[in-house]
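Atoms within a ligand are numbered from 1 in the order they appear, just like the ligands themselves. Starting from 1, each residue takes its place in the sequence as its number.
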Amino acid sequence: MTTSPSHQAADSSIVLTPLQRLTRFAQDMGTLTDRAVIAERILIELCDATDSQQGALYLLDREHDQYDCVMTVGSQNTSTAIASFASTHTLIQSLVHEHSMLLATENPPIKPELTDVLRTTHSSQAVALLNKGRLIAFALLAPGLGRPLDHADGRDFLLALAQSGANALDSILMNDDLHQSQTLMRRTDRLRSLETIAGGFAHEIRNPLTSIKTFIQLAPERKDDAEFIYDFSRIVLDDVHRIERLIQEILDYARYMEPKLTDEDLNEIVTSCLYFIEVKADSKRIKIEKELAPGLPRVMLDRQQIKQVLLNLLLNAIDAMGDGGGQLKVRTHRLVKPGAAAWTQIEIEDNGPGISKANLEHIFDPFFTTKHTSGEHAGTGLGLTIVHQIIQEHRGEIQVESTEGVGTTFSVNLPALPID
Ligand SMILES: Nc1ncnc2c1ncn2[C@@H]1O[C@H](COP(=O)(O)OP(=O)(O)O)[C@@H](O)[C@H]1O
Ligand SMILES: [Mg+2]
């Protein structure tokens, strides 16, 4: 990213004392959060402090153990002559171990290799941004036009700026690290549960496979027994359906997809899911009541995945209420949580038979199902496992409350976008 030092012009009309400048800079470092904006602010301040018209900022890339040029000011062809420095480079070693600031005009003279680097990058000084002895970033700056910086006060000022900038960049790097490891953990979680699922799958299909095999073995000698063939072929068909369903759900689950987050209106998603289940609910004499909060904050979510979650929960509720009719309540509202963040909540409440305490502990486990009836409608026990995984990947929460004989309420909480 390149910017022009003309940014300085706006500020230069107000003459601030070094202390005022340092304070203002430190305040900015404390409040800015965007990496590029911080990098630009640091570089412009360092250029300004050294009266330099051109400069480049190199930031640590821990993964590749190098420093990449992330920002330049002034004309493009200056410091970008080198796009990145390996951490073993003489310049880096020197900035870490010997000089937190390097001047081409240093006395005693700096090493010839360092002079070469400065010459290649058309710069005359390097300023290290160190935090706790670690080089977070450094700036290469073109020769200053006015103030020489080799006097003690100028140096101290520059080093104070560099320290403040280093703190800000270090916390950005830490944040990136945290984000990366969270993503990695979620992926590992999924792989681990996939392992459980694969094991469970083998177990789950053993029974239907046995019955299919038995049928095939017996069929030749019983081929004239119409009743046997009729009854057994229905059982076998159910078993085949069951295997197909299991395979489909496992494929859905295994296809790892990073949620594609878009800015969405939850009420609209809930409404479109209810539309899908209306006919089924009607046929079972289930009344749907919806209470959607107006002015709900918007949420960043993967539309398809959240629909999958809601449909799973709604269909479970319908299954639970059986054919005797019932009432399904769907509510959305803003969730008040301690802290500043806004959350939204969707509640799906049924007045079915409820879930026993013993079962409640297992409902999110892969293959846990109480729907053992044979036929196309038997459960796979993967619905809630998938629901749980998706909500986790949205950094949300899912809770369930159930009383036997009264009903069950599932609550899905999702972090919302701030309302502006
Ligand atoms: N609303 C509900 N009311 C009662 N029991 C429920 C409800 N939702 C889920 N369950 C229980 O949790 C089990 C697991 O659900 P799920 O993972 O969706 O698998 P499946 O629907 O295939 O059985 C169900 O078999 C059922 O026993
Ligand atoms: Mg289900």
Side-chain angles (χ1 to χ4, degrees), residues 189-190 193-194 196-201 203-205 207-208 238-254 270 273-274 276-277 280-281 284-290 304-331 345-393 397-413:
D189 259 9
R190 180 176 276 267
S193 48
L194 199 57
T196 318
I197 286 187
F201 178 65
H203 177 83
E204 290 296 312
I205 64 169
N207 278 345
D238 280 349
D239 287 333
V240 170
H241 280 144
R242 176 162 175 74
I243 293 174
E244 277 175 353
R245 263 197 328 277
L246 281 165
I247 290 175
Q248 190 50 52
E249 295 221 29
I250 284 175
L251 285 180
D252 285 349
Y253 186 79
V270 169
C273 287
L274 288 178
F276 275 118
I277 60 150
K280 188 171 172 135
K284 297 190 161 216
R285 292 186 292 117
I286 291 170
K287 232 182 100 215
I288 300 176
E289 235 178 73
K290 71 175 178 183
Q304 289 315 321
Q305 291 189 358
I306 294 299
K307 271 186 159 178
Q308 193 184 351
V309 164
L310 296 179
L311 284 174
N312 262 314
L313 297 177
L314 292 167
L315 290 173
N316 274 350
I318 291 181
D319 284 348
M321 291 185 281
D323 295 325
Q327 190 154 48
L328 181 60
K329 292 184 188 165
V330 183
R331 291 183 292 269
Q345 183 173 62
I346 310 160
E347 287 176 300
I348 296 176
E349 179 185 332
D350 66 61
N351 61 351
I355 306 169
S356 72
K357 267 212 158 54
N359 283 353
L360 207 53
E361 282 179 31
H362 297 291
I363 55 168
F364 293 103
D365 294 351
F367 301 110
F368 175 82
T369 180
T370 53
K371 303 170 192 169
H372 293 295
T373 50
S374 68
E376 234 178 302
H377 303 294
T380 59
L382 285 174
L384 287 180
T385 310
I386 294 170
V387 162
H388 187 264
Q389 188 77 42
I390 292 176
I391 295 303
Q392 204 191 338
E393 283 173 3
E397 301 163 347
I398 179 156
Q399 290 149 359
V400 52
E401 266 175 46
S402 189
T403 311
E404 276 184 283
V406 178
T408 306
T409 305
F410 278 88
S411 315
V412 173
N413 304 341

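Put simply, N316 gets within reach of the Mg ion (ligand 2), with an N, O or S atom under 2.8 Å from it.
Residue-level proximity to ligand 1 for D350 is carried by the side chain, the only part with a heavy atom below 4.0 angstrom. If you look at F364 next to ligand 1, there are no close heavy atoms at all, none under 4.0 Å. When heavy-atom distances to ligand 1 are checked against a 4.0 Å cut-off, I355 comes that close only through its side chain, counted from C-beta outward. Residue-level proximity to ligand 1 for T408 is carried by the side chain, the only part with a heavy atom below 4.0 angstrom.
Using modelled atom types, one finds a donor on one side chain and an acceptor on the other under 3.5 Å when comparing Q345 with N413. For the residue pair N359 / H362, no side-chain donor-acceptor distance below 3.5 Å is found, with atom types taken as modelled.
Within ligand 1, the atoms closer than 4.0 Å to a non-hydrogen atom of T380 are 22 (O), numbered from 1 in the order shown. Contact atoms of ligand 1 toward T369: 20 (P), 23 (O), 25 (O) (distance under 4.0 Å to a heavy atom of the residue). Less than 4.0 angstrom separates some heavy atom of A320 from each of these atoms of ligand 1: 2 (C), 3 (N), 4 (C).
The nearest heavy-atom contact from the protein to atom 8 (N) of ligand 1 is N316 CB, 3.4 Å. Protein heavy atom at the shortest distance from atom 13 (C) of ligand 1 is F368 O, 3.8 Å. Closest to atom 20 (P) of ligand 1 among all protein heavy atoms lies G381 N, 3.7 Å. In terms of protein heavy-atom proximity, atom 11 (C) of ligand 1 is closest to I363 CG2, 3.9 Å. The closest protein non-hydrogen atom to atom 17 (O) of ligand 1 is L384 N, 2.8 Å. Nearest protein heavy-atom contact of atom 21 (O) of ligand 1 is K371 NZ, 2.7 Å. Looking only at heavy atoms of the protein, atom 27 (O) of ligand 1 is closest to T370 OG1, 2.5 Å.
Distances shorter than 4.0 angstrom do not occur between any heavy atom of G352 and any atom of ligand 1.
The pair E349-R331 meets the salt-bridge criterion, since a charged nitrogen lies less than 4.0 angstrom from a carboxylate oxygen.
A 4.5 Å side-chain heavy-atom check between V240 and P208 finds every atom pair outside the cut-off. Between K307 and Q304 there is a side-chain heavy-atom pair separated by less than 4.5 Å.
We find the CG-NZ distance between L328 and K290 to be 12.0 Å, quoted to the nearest 0.5 Å.
Of the residues listed (L310, I346, N312, L384), the one engaging F410 in a side-chain contact (heavy atoms from CB on, under 4.5 Å) is L384, and it is the only one.
At distances below 3.5 Å, at least one donor-acceptor pair connects side-chain atoms of T385 with backbone N or O atoms of F364.
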Could you go through K371 and D319, starting from their C-alpha distance and side-chain angles, then the distance that decides it, and tell me whether this counts as side chain to side chain contact (heavy atoms under 4.5 Å, CB included)? CA-CA 9 Å; K371 303 170 192 169; D319 284 348; 2.9 Å; yes
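Counting heavy atoms of neighbouring residues, nucleotides and ligands inside a 6.0 Å radius, atom CD of Q327 exceeds 12 of them.
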